[in-house]
2 protein chains.
Amino acid sequence: MSMTKNSVNRAILPEPTIRRLPWYLSYVRMLDKLHVDYVSSTQISKELNVQSSQIAKDLSFLNVKGKTRIGYEVKSLVAELEDSLGFSRHHDAVVIGTGSLGTALMQDHGLEHYGLNIVAGFDVRPEVIGQKLGGLPVYDINDLPGWQQEHHVSIAILTVPVDHAQATADRAIASGMTAIWNFTPYRIKAPQDVVIANTSIYAHLAIIYNRMQQTFIDTE
Amino acid sequence: MSMTKNSVNRAILPEPTIRRLPWYLSYVRMLDKLHVDYVSSTQISKELNVQSSQIAKDLSFLNVKGKTRIGYEVKSLVAELEDSLGFSRHHDAVVIGTGSLGTALMQDHGLEHYGLNIVAGFDVRPEVIGQKLGGLPVYDINDLPGWQQEHHVSIAILTVPVDHAQATADRAIASGMTAIWNFTPYRIKAPQDVVIANTSIYAHLAIIYNRMQQTFIDTE
């Protein structure tokens, strides 16, 4: 595997910055649609409630330079944000566990705009194996190692029932996958060189419930 | 509105604690299924890679007491975690934007196990308005204020296209909803007494891409 020019130039970004960049991207994409040519960090700050010094710092990781009094060129900022976030390149992925969430992800062509190219699903249920979901094939999870030897996909999207989370992640990793996007509420253990991203929608629900109660108490 | 005994006893939890509690819950639910009676924080620590002092601290917010050398009773811990996280009570919600993700959430009965009771969907597209998704009705977004006067639902799940995120959130809030579960990559502005929870799946994707590159560089 050789390093491309792109990967040499691209910076390793701090996680809080990565979390904010998609907010900026959504906003400047909208400006671009509205044919706005330039945007200042002050403007972004007002719109998104992020301090403009923070925005300037976050954007300093990118290959963009703002002009005094004019700000950033919107089109370059969109392109540079997409590039830095990895959204402008294709990343192949498989969905493991084609229940309702897994199926939704396979059918959601919106993810392609964020560089995610789902190529197949895997499951244990005979009634879905061999079927197509969102135009993509669903295979037997037992066939993953052999399939992977041919396809070399890096990202496994984990949408299995929680009590199969660790075992399934282990199988994906043993097959050579190097990133697990974990949608289960289980905290997966993995070797250090495997990337794990947890999208814990249930934790977010708990935060909503708890904060609603807080608001309720505050306003009593 | 009167405060129930439950809401008096329940603590306002720090957000990092709320993020960890679902991990503990998944694990002790599994132990319960396997008919294990007691679990120590050391055991949870080993399984989930969280320091046992942290676990003890997190669990101190709950109405459970561990016994020396025996640990926590699994069944009580499951019940108390579910209660603290709000998963054992019903919270009504609507899905606004019945695209692939919105539809998946309406069809995912798994959310009920986490206290979320989706009762309807709202959309702007004539072809889905009046239809049923996952057995639930889809209404015209224009009918939201009138519908809400009758149903008093607190939680809006926002799965609209990103450029409609703020305007749609504004409408939900104007209709009297007090919590927005935001699945769009847009950073929504709302009055202080409205709870906003952002589930930024695209930010997580960017983190995966960035970390994969880091691993790649590390291993070169």
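To find a chain, count down the sequence lines: A is the first, B the second, and so on, and within it residues start at 1.
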About how many Å separate [atom2] of [Y] and [atom1] of [X], when rounded to the nearest 0.5 Å?
| X | Y | atom1 | atom2 | value |
| --- | --- | --- | --- | --- |
| A:Tyr202 | B:Leu25 | OH | CG | 11.5 Å |
| B:Tyr114 | A:His204 | OH | NE2 | 14.0 Å |
| B:Leu205 | A:Thr199 | CG | OG1 | 8.0 Å |
| A:Ser154 | B:Ile208 | OG | CD1 | 11.0 Å |
| B:Ser200 | A:Ile18 | OG | CD1 | 12.5 Å |
| B:Met212 | A:Thr178 | CE | OG1 | 4.0 Å |

Discussion item. Below 4.5 Å, heavy-atom pairs only: which of B:Val162, B:Asp163, B:Leu101 has the largest tally toward chain A?
Written reply: B:Asp163
Worksheet, complete the sentence: Checked B:Ala206, B:Ala203, B:Ala104 vs chain A; the most non-hydrogen pairs under 4.5 Å come from B:Ala206
Between [Y] and [X], is there a side-chain heavy-atom distance shorter than 4.5 Å?
| X | Y | result |
| --- | --- | --- |
| A:Ile196 | B:Arg211 | no |
| B:Tyr209 | A:Leu116 | yes |
| B:Glu47 | A:Tyr186 | yes |

Discussion item. Other residues, nucleotides and ligands only: do more than 12 of their heavy atoms fall within 6.0 Å of NZ on B:Lys189?
Written reply: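 Check passes, neighbour count above 12.
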Fill in: Heavy atoms from other residues, nucleotides or ligands near CD of A:Glu127 exceed 12 (cutoff 6.0 Å)
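Result for CD/A:Glu127: enclosed.
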How close do [X] and [Y] get, counting heavy atoms only, and between which atoms?
| X | Y | answer |
| --- | --- | --- |
| A:Phe183 | B:Ile201 | CE2-CG2, 4.3 Å |
| A:Glu15 | B:Ile207 | CG-CD1, 3.6 Å |
| A:Ser26 | B:Pro185 | OG-O, 3.2 Å |

Of all of [options], which one pairs up most often with chain B through heavy atoms under 4.5 Å apart?
| options | answer |
| --- | --- |
| A:Leu105, A:Asn198, A:Ile180 | A:Asn198 |
| A:Arg29, A:Lys33, A:Gln107, A:Arg19 | A:Arg19 |
| A:Gly134, A:Gly115, A:Gly102, A:Gly99 | A:Gly115 |

Part of [X] lying under 4.5 Å from any heavy atom of chain B:
| X | value |
| --- | --- |
| A:Gln166 | neither |
| A:His91 | side chain |
| A:Ile155 | side chain |

Worksheet item: For B:Thr103, is it the side chain, the backbone, both or neither that has a heavy atom under 4.5 Å from a heavy atom of chain A?
Response: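 Contact with chain A: none, neither part.
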